[in-house]
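Okay, so here's the structure we're looking at.
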Number of protein chains: 2
Amino acid sequence: MTSNPPPLQIHALKAACATCSLRELCLPMDLSEDEIDRLEDLIGQRRWIRQGQELFGAGESFHALYAVRSGFFKTCVGSEDGREQVTGFQMAGELLGLDGIGSGRHEVSAVALEDSQVCVMPFDELEEMAAGMPHLQRSLHRFLSREIVRDHGTLLMLGSLRADERVAAFLLGLLRRLQRRGQRGDEFVLRMSREEIGSYLGLKIETVSRVFGRLQAEGLLEVKLKQIRVLEGERLRQLAEGCS
Amino acid sequence: MTSNPPPLQIHALKAACATCSLRELCLPMDLSEDEIDRLEDLIGQRRWIRQGQELFGAGESFHALYAVRSGFFKTCVGSEDGREQVTGFQMAGELLGLDGIGSGRHEVSAVALEDSQVCVMPFDELEEMAAGMPHLQRSLHRFLSREIVRDHGTLLMLGSLRADERVAAFLLGLLRRLQRRGQRGDEFVLRMSREEIGSYLGLKIETVSRVFGRLQAEGLLEVKLKQIRVLEGERLRQLAEGCS
DNA sequence: CGTCTCCTTGAGGTTGGTCAAACCAGGTGG
DNA sequence: CCACCTGGTTTGACCAACCTCAAGGAGACG
């Protein structure tokens with residue numbers, strides 16, 4: 001139930017937001033040195049999640065928010081009849097668990113798509129701390145709000161784009177987020193399977209595959225399994241027309 | 001830019017959460033008498049919005065959250081090429097404007113579908129007040145989180161349901177929300193057009209119309225223009241299978 | 001080398017989109 | 001009161017996009 005350190009790696013007992021490379025992107029965005037220090041005390045532990053493992057499951061009771069420190073996650077909702085859908089992918093610096101605040105239970109499950117590390121932030125304490133630290137409060141609200149906005153973008157995608165447009169928007173969105181995290185160039189690795197992409201985009205796996213094929217044939221992309229290189233960003237952007 | 005009272009109706013200068021019938025559903029959910037009193041002071045004004053008018057538009061700068069006091073709204077996102085999509089419908093007791101917190105600008109526009117009244121809550125003050133009032137803070141966080149969860153539900157709908165399932169889920173969701181607000185019976189009035197329903201559900205207007213026809217032919221619904229009566233709730237629920 | 005999983009490709013079927021016309025309710029004005 | 005107009009809705013015929021089913025390929029791993 002607690003940490004599961006991978007070989008050769010021991011996790012620190014105390015978080016180190018101050019020296020974390022994600023500081024500018026993550027919850028401590030606008031905090032002063034002093035405030036960061038207090039936040040670090042709150043983050044009791046970091047936790048390792050092995051590829052394929054759940055960080056939390058839908059229905060489990062909610063205790064904490066998690067900041068992705070390294071790695072990659074997907075979140076899924078499932079309806080009772082077994083239909084499942086991926087609602088998002090989370091990378092370093094992004095928060096997991098926001099959905100649980102409302103009801104006290106997690107409404108989605110979060111699964112690591114590669115070995116990942118998260119910072120655990122007990123929510124009651126975080127809330128209490130936010131009450132006395134306006135910057136933190138503001139930052140938390142921003143994260144919540146941005147999540148809503150992001151979902152609206154996805155809604156627009158599912159509701160009004162066709163298959164190739166969705167895939168284009170998806171890839172550009174991924175690339176943008178990766179680049180903000182220091183990724184160089186137009187080449188990157190998909191952490192998720194075709195099936196997961198399809199689920200996220202409301203498409204079947206075969207359609208995703210065909211679209212990749214088509215975009216490659218037209219010279220917009222180079223696709224080698226999970227390795228993607230964007231050749232014609234501008235034309236891709238044209239396809240995706242105004243979707244994050 | 002301020003209130004626009006409809007004929008025969010003068011709006012109070014101070015909100016009256018304490019006596020508002022929506023108190024249990026709205027932001028003041030868990031507040032004590034005393035706390036409610038303070039919140040009322042913050043809600044400087046109520047504002048009337050005529051049918052078809054915008055409460056706020058996408059891109060406008062964000063100042064306040066709005067609680068719907070009466071009436072009905074839709075929120076829309078638009079991509080730059082003119083595609084527009086409805087992202088949600090809001091009724092009494094629900095909040096508008098949560099999307100603006102993240103960037104300081106509204107990312108959607110909110111349009112009244114009937115003459116409506118909202119309570120205006122300047123966000124800076126609300127945030128400040130929340131810092132000193134744990135119940136309020138918690139309530140705000142819950143609203144933000146629930147909005148995320150609701151969006152996930154919509155995502156699931158757009159991503160994995162077929163047309164009649166979407167419409168069934170949509171109608172049941174509406175009915176449920178109306179009933180929680182005191183609506184009696186299985187009959188209700190659609191405040192939005194077929195086009196708006198279609199936009200929300202990722203369907204074309206003709207498809208929405210055909211689905212209504214089909215569901216009526218099968219005896220699940222009675223549809224008279226905007227007047228809907230649910231005849232076979234159970235079978236409808238079966239169709240919608242596990243979507244809010 | 002065999003097996004497993006994931007991905008690709010093909011053929012054919014369905015759902016929902018497109019285009020066009022008719023319909024209907026409500027409002028206006030004669 | 002009726003004729004007319006308007007905007008929203010319904011209906012039909014046709015078509016394209018995407019799904020389904022099925023088979024084959026390509027890496028990863030023991």
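Quick note on labels: first sequence line is chain A, next is B, and so on, each numbered from 1.
Gly202(A) comes within 4.0 angstrom of sugar-phosphate atoms only, judged by non-hydrogen atoms across all strands, and of no base.
Between the P atom of dC7(C) and the CD1 atom of Ile228(A) lies a distance of 11 Å, rounded to the nearest Å. The CD1 atom of Ile197(A) sits 14 Å away from the C1' atom of dT8(C) (whole-angstrom rounding). In this structure, Lys226(A) atom NZ and dC6(C) atom P are separated by 8 Å, rounded to whole Å. Atom CD of Gln227(B) is separated from atom P of dA25(C) by 14 Å (rounded to the nearest Å). In this structure, CG of Leu161(B) is placed 15 Å from P of dT15(C), rounded to the nearest angstrom. As a whole-Å value, the separation of Arg162(A) CZ from dT18(C) C1' is 11 Å. Atom CG in Leu225(A) sits about 7 Å away from atom P in dT8(C), given to the nearest Å. One atom, CG of Leu203(A), and another, P of dT15(C), lie 18 Å apart when rounded to the nearest Å.
Remark: Thr207(B) is not in phosphate contact with dG16(C), judged by side-chain N or O atoms under 4.0 Å from OP1 or OP2. In terms of phosphate contacts, Arg210(A) brings no side-chain nitrogen or oxygen within less than 4.0 Å of OP1 or OP2 of dT9(C).
In this structure, the ring of Phe89(B) has its center no less than 6.0 angstrom from the ring center of Phe73(B).
Nearest-nucleotide positions on DNA chain D place Ser193(B) closer to the 5' end than the other of Ser193(B) and Arg166(A).
The aromatic rings of Phe62(B) and His106(B) stand perpendicular to each other, their planes meeting at an angle above 60°, with 30° marking the opposite boundary.
With respect to Asp115(A) and Arg50(A), a salt bridge is recorded, a charged nitrogen being found less than 4.0 Å from a carboxylate O. Salt bridge Glu196(A)/Arg194(A): absent, no basic N to carboxylate O contact under 4.0 Å. For the pair Glu94(A) and Arg177(A), the salt-bridge criterion is met [side-chain N within less than 4.0 Å of a carboxylate O].
His152(B) and Thr154(B) are not linked by any side-chain donor-acceptor pair at a separation below 3.5 angstrom, with hydrogens and angles left out of the test. The closest side-chain donor-acceptor pair between Glu107(B) and Ser103(B) falls under 3.5 angstrom.
On the nucleic acid side, DNA chain D has its first and last nucleotide under 4.0 Å of a heavy atom of chain A at dA17(D) to dC21(D), going 5' to 3'.
The listed nucleotides are dT8(C), dG16(C), dT18(C); the one nearest the side chain of Lys204(B) is dT18(C).
Between the side chain of Glu196(A) and the base of dC6(C), no donor-acceptor pair under 3.5 Å is found.
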